[in-house]
2 protein chains.
Amino acid sequence: MASTPEFRVERITATGTLTDRVFDALTQLINGEDFPPGARLPSELKMAGRFGVSRTVIREAVSRLKSEGLVESRQGSGVFVRDRNMHAPFRINPSIMDSIQSVLQVVELRMSLEGEIAALAAKRRTREQMAAIKRALKQIELDEQSGENGVDADIVFHRSIAEATGNPHFLALIEFLFNFLTKATLITRSYEATRAALSQQVKEEHQRIVDAISRQDEQAARTAAREHMEGASRRLGSVDLKRFMAQNGYEKVD
Amino acid sequence: MASTPEFRVERITATGTLTDRVFDALTQLINGEDFPPGARLPSELKMAGRFGVSRTVIREAVSRLKSEGLVESRQGSGVFVRDRNMHAPFRINPSIMDSIQSVLQVVELRMSLEGEIAALAAKRRTREQMAAIKRALKQIELDEQSGENGVDADIVFHRSIAEATGNPHFLALIEFLFNFLTKATLITRSYEATRAALSQQVKEEHQRIVDAISRQDEQAARTAAREHMEGASRRLGSVDLKRFMAQNGYEKVD
DNA sequence: CTTTGAAAAGTTGTCATACAAGATTACATA
DNA sequence: TATGTAATCTTGTATGACAACTTTTCAAAG
């Protein structure tokens, strides 16, 4: 019975399209106290009035809120804040990828996962999955010999292991993290390519993972994967990531 | 110099608003071969013509594509498919949460993380963070005594541990997973509440985690957290999740 | 023939208006 | 008081217009 709560039109972002700004403002209001879960947003017409924009802009902003899972709209009734639930996606703000430390934090997340993934893969892999893993490992060598940078093959390799867990969420999450780390990985590999010794090191790390999974030794697989990741992290830390990112068109901080 | 590639208007979803359908169709086209990264989508006017809808609908669909990180638009120039990068969010389709197995897969993901989180927390926690963890543990007991279901306090507890890792991504990811598992957790706790022995069991599991973190024993923390999660998983598996979800208004499969 | 520069055309961003479709509210009537 | 229907409100969609910006075209200058 309570009427639509009043809300402050505060702090409209100064940059970007009007839709961007309204979206940001509404996101703030929803994440704040102004519109708790279940609350109804003011009508599009009212919001247009308050924000001083057209209904078109409001609708596009709301459309994005829907996409983010923050609200849901019911024709004839209104737009309602979703009950803080399972529709909100997991995001990593790309603009944080501007420091070595930030990248390493994502690497650390991946590292944690790779260990568990390897262990689960060791426990559950089928014969077919094992074959796929070995194929992927072989492909890495082939790529190396033919002068490819090896990133794609590397991703296929780790993905084949994630698939062997039998849990699709591991695969999905790993792929998501790859999106962030692809370029960083490329760094490492190309860096390594200039040093045969290091490349050999990586090869051995890979082989240890595969062997452990092959003989279904959970603990060894976890350890091998973790060591591989730690090695990657160490190698990554030794290049000037910041300069690399600038050269490769990474986005600036907002 | 190549002209805008032709595209098939295929398989427009049969349900939902026009915006939903166009969004789905465009998503398919982008994920397929039709619009590779870097490609420019046809102009909004052309798409409106092809799909047989107004430009309004196209714009709202594109607005959602932007929100998903699939495309970016440049005024005066066009809408371009982003090259596979870091803007795509990680999602778990809520509609898969309809079977016990699916829920357990998410639980397994969380389980893997909790172990690593506990280990990292043991390694890095500050004195302040340790105090926060102990406060959170105490709050769980208080809530239990005052008859609360304890879910909120439980979340705060695990969150305080994730914070102690010093890596914000762990916290963000754990919170994301909580969104899926909150109700499932509630199940377990309320189930446990009816059995003092089980509740005691959980209390001991919690205590072991805290102790290990307190004395900065990485391995013990990992083991304790993993055992706690395995226990939760076991307890979760023993209730009729499907019926519970139906009673608690979980969404139906689309 | 090449370069230059400005007009023309194309595209996204924003506004305004209108009506359709569904939901809610108000109110007259039984 | 209960009921059903009209009035009203809200979101969904369509259309037309113009602003802001980019790309293309093409004629004039060198």
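Chain letters run A, B, ... following the sequence lines, proteins first and then strands; every chain starts at 1.
- Across the protein-nucleic acid pair, Leu45(B) atom CG and dA14(D) atom P stand 13 Å apart, rounded to whole Å.
- For the pair Phe80(A) CZ and dT10(D) P, the interatomic distance rounds to 11 Å; values are reported in whole Å.
- Between the C1' atom of dT11(D) and the CG atom of Asp20(B) lies a distance of 13 Å, rounded to the nearest Å.
- Residue Thr56(B) is classed as a base contact, given a heavy-atom separation below 4.0 Å to a base.
- Put simply, CE on Met47(A) is 11 Å from C1' on dT11(D), counting in whole angstrom units.
- For the pair Lys66(A) and dG12(D), the criterion of a side-chain N or O lying under 4.0 Å from OP1 or OP2 is met.
- If you check every strand for non-hydrogen atoms under 4.0 Å, Arg74(B) touches sugar and phosphate atoms only.
- Of the side-chain N and O atoms in Ser73(B), one or more sit less than 4.0 angstrom from OP1 or OP2 of dG13(C).
- The side chain of Lys46(A) approaches dT10(D) more closely than any other nucleotide in the set dT11(D), dT11(C), dT10(D).
- At whole-Å resolution of the value, CZ in Arg21(A) and C1' in dT14(C) are 12 Å apart.
- With values rounded to the nearest 0.5 angstrom, Leu70(A) atom CG is found 10.0 Å from Leu26(A) atom CG.
- Rounded to an integer number of Å, the gap from CZ of Arg40(A) to C1' of dT11(D) is 10 Å.
- Among the protein residues, Ser77(A) comes within range of the sugar-phosphate backbone only, with heavy atoms under 4.0 Å from sugar or phosphate atoms but none that close to a base.
- Here the closest non-hydrogen pair linking Pro42(A) and Met47(A) is O-CE, 3.3 Å.
- At whole-Å resolution of the value, CD in Glu60(A) and P in dT14(C) are 7 Å apart.
- Pairing each heavy atom of Arg55(B) with each of Leu45(B), the nearest pair is CD-CD1, 4.1 Å.
- Checking the phosphate oxygens (OP1, OP2) of dT11(D), no side-chain nitrogen or oxygen of Thr17(B) falls inside 4.0 Å.
- Distances shown here put every side-chain N or O of Arg55(A) at or beyond 4.0 Å from the OP1 or OP2 atom of dG12(D).
- To the nearest angstrom, P of dT11(D) lies 17 Å from CG of Leu18(B).
- Under 4.0 angstrom from either OP1 or OP2 of dA14(D) there lies at least one side-chain N or O belonging to Ser54(B).
- Using cut-offs of 30° and 60° on the angle between ring planes, the pair Phe90(B) and Phe90(A) is perpendicular.
- Using a 4.0 Å heavy-atom criterion, one finds that Val62(A) contacts no nucleic acid atom at all.
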